[in-house]
Amino acid sequence: MTQVLVHLRLFAVFRDTLGADLIPVELPAGSTVADLRQALYCRWPTLRNLLERSAIAINQEYASDNHVLSSGDEAALIPPVSGGQPFSPIP
Amino acid sequence: MTQVLVHLRLFAVFRDTLGADLIPVELPAGSTVADLRQALYCRWPTLRNLLERSAIAINQEYASDNHVLSSGDEAALIPPVSGGQPFSPIP
Amino acid sequence: MIQLTREAIDYHSISEAVRDPHHGAVVLFLGTVRDLTGEDRTLRLEYEAYEPMAKKKLQEILTQVQQQWPGAKVAIVHRLGVLDVGEVSVAVAVSTPHRAEAFAACRYVMEAIKADVPIWKKDINPEGKEQWVHPEEKTGSPATTAGSLQ
Amino acid sequence: MIQLTREAIDYHSISEAVRDPHHGAVVLFLGTVRDLTGEDRTLRLEYEAYEPMAKKKLQEILTQVQQQWPGAKVAIVHRLGVLDVGEVSVAVAVSTPHRAEAFAACRYVMEAIKADVPIWKKDINPEGKEQWVHPEEKTGSPATTAGSLQ
């Protein structure tokens, strides 16, 4: 198998902007989260700034860039959460 | 007038121990809160430790030792308040 | 809003009272009667206040909160009399636009109450032994409240 | 206790749920929908979650609280869907033996929710303009959560 297929969930601004809540992404086998990011930058260049500020979750866990993708992974694009005012340090 | 008469309110451990909730205290005119304290130490020597840890309020305000008493002042002996665990600094 | 009461505290109504459409945060603190302090068991607590001075001091605390967090809405209710384990002895509700100030202001009020408001508690243990709780720290001493004394 | 709900939050029952005879302190935080952010008016907010991951993250927060404050009782309820101004979007109740930990743990939970739990809000203003609120900080980035990543 030379391809890996991940299903990418979209939320909030991404779902509204792209008009879908789940999109399939095909990548070469051995691809990492960093490669997935690159693929998204190429696919949606106008969303790059927001993509850069978003996290990627794999199987409901925040994933680092060097995480290697497997076929069937549940991937999700997590834009910045609502936050409220800038966080002050926890006393 | 060479005397000042204050009415001293007692609460909590003082009221229970002394069996009264208001006692008159006569002091020389011009006496201060420090003089009132001394009078209480002399009157109730066994309570000295607790008296030293207690505040004195004059007319419902915490009073410093150099506060000069007036006849008719409402004085109160304020033992340490309930507190709970030792105070941590307010963040 | 300030209240000393001998009835059970309706803390739900207190937190409702401070809600405000401009405020995104409410913090409610409840002090409740604990059955254990270290290894010592408590059956009941009895709270007593020097009532007019306690109200005056609570009012001063509200003023201090308004100086530090202008516009904060604050409600303080303290119970007096005999309380069983589990009952609410004090409730403080604060609302502010953002959460950091609501936490800070509510904490401030509680520390100020415990430091300066003439309210005392007597601990009654299951054997019927009664003991006033008067911690080692001195209350309202010039050292801690000098700023407001002279 | 953790809940994501589309119904109005019964926060009174949440604070009741964490009460405990060994615990002398309860802190309840309510996040409510504010009508103003700076000069921008809000008519409604719509909350959306990546539900299974949000529940998992909330459960992790409970675990972290147990590690830092063993024995603390914690309840977290977050509302989803459309909320009017003044409605409660999130309620967090914590009880501990003493007040300092109850404040600290409740604050910790709120900061962790805002930093790491995939729940978003869309602001709807009185003119009908809708805008997702995605602050500049990056969520769940390796920089802020590196410890749990590798």
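Convention: sequence-line order gives letters A, B, ...; per-chain numbering from 1. None of the values given here were measured: they were computed from a predicted structure.
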>> Quick one, C:Lys56 with B:Glu61, criterion side-chain contact (heavy atoms from CB on, under 4.5 Å). Give me CA distance, side-chain angles, the key distance, then yes/no.
In response: CA-CA 9 Å; C:Lys56 193 173 166 213; B:Glu61 196 54 66; 3.1 Å; yes

>> Is it the case that atom CD in C:Gln131 sees more than 12 heavy atoms from other parts of the structure closer than 6.0 Å?
In response: no

What's the separation between atom [atom1] in [X] and atom [atom2] in [Y], rounded to the nearest 0.5 Å?
X: C:Lys122; Y: B:Asp16; atom1: NZ; atom2: CG; value: 4.5 Å
X: C:Glu51; Y: B:Gln60; atom1: CD; atom2: CD; value: 11.0 Å
X: B:Thr17; Y: C:Trp132; atom1: OG1; atom2: CH2; value: 10.0 Å
X: C:Asp116; Y: B:Ile78; atom1: CG; atom2: CD1; value: 10.5 Å

> Parallel, tilted or perpendicular for B:Phe11 and C:Trp120, by the 30°/60° rule?
Replying inline: parallel

> For B:Asn59, is it the side chain, the backbone, both, or neither that has a heavy atom closer than 4.5 Å to a heavy atom of chain C?
Replying inline: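 For B:Asn59, backbone heavy atoms alone lie under 4.5 Å from chain C.
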
> Using non-hydrogen atoms only, which part of C:Glu60 is less than 4.5 Å away from chain B: side chain, backbone, both, or neither?
Replying inline: side chain

> For C:Ala54, is it the side chain, the backbone, both, or neither that has a heavy atom closer than 4.5 Å to a heavy atom of chain B?
Replying inline: neither

Could you tell me whether the side chain of [Y] reaches within less than 4.5 Å of the side chain of [X], counting heavy atoms only?
X: C:Lys121; Y: B:Val81; value: no
X: B:Leu50; Y: C:His134; value: yes
X: B:Arg15; Y: C:Glu48; value: yes

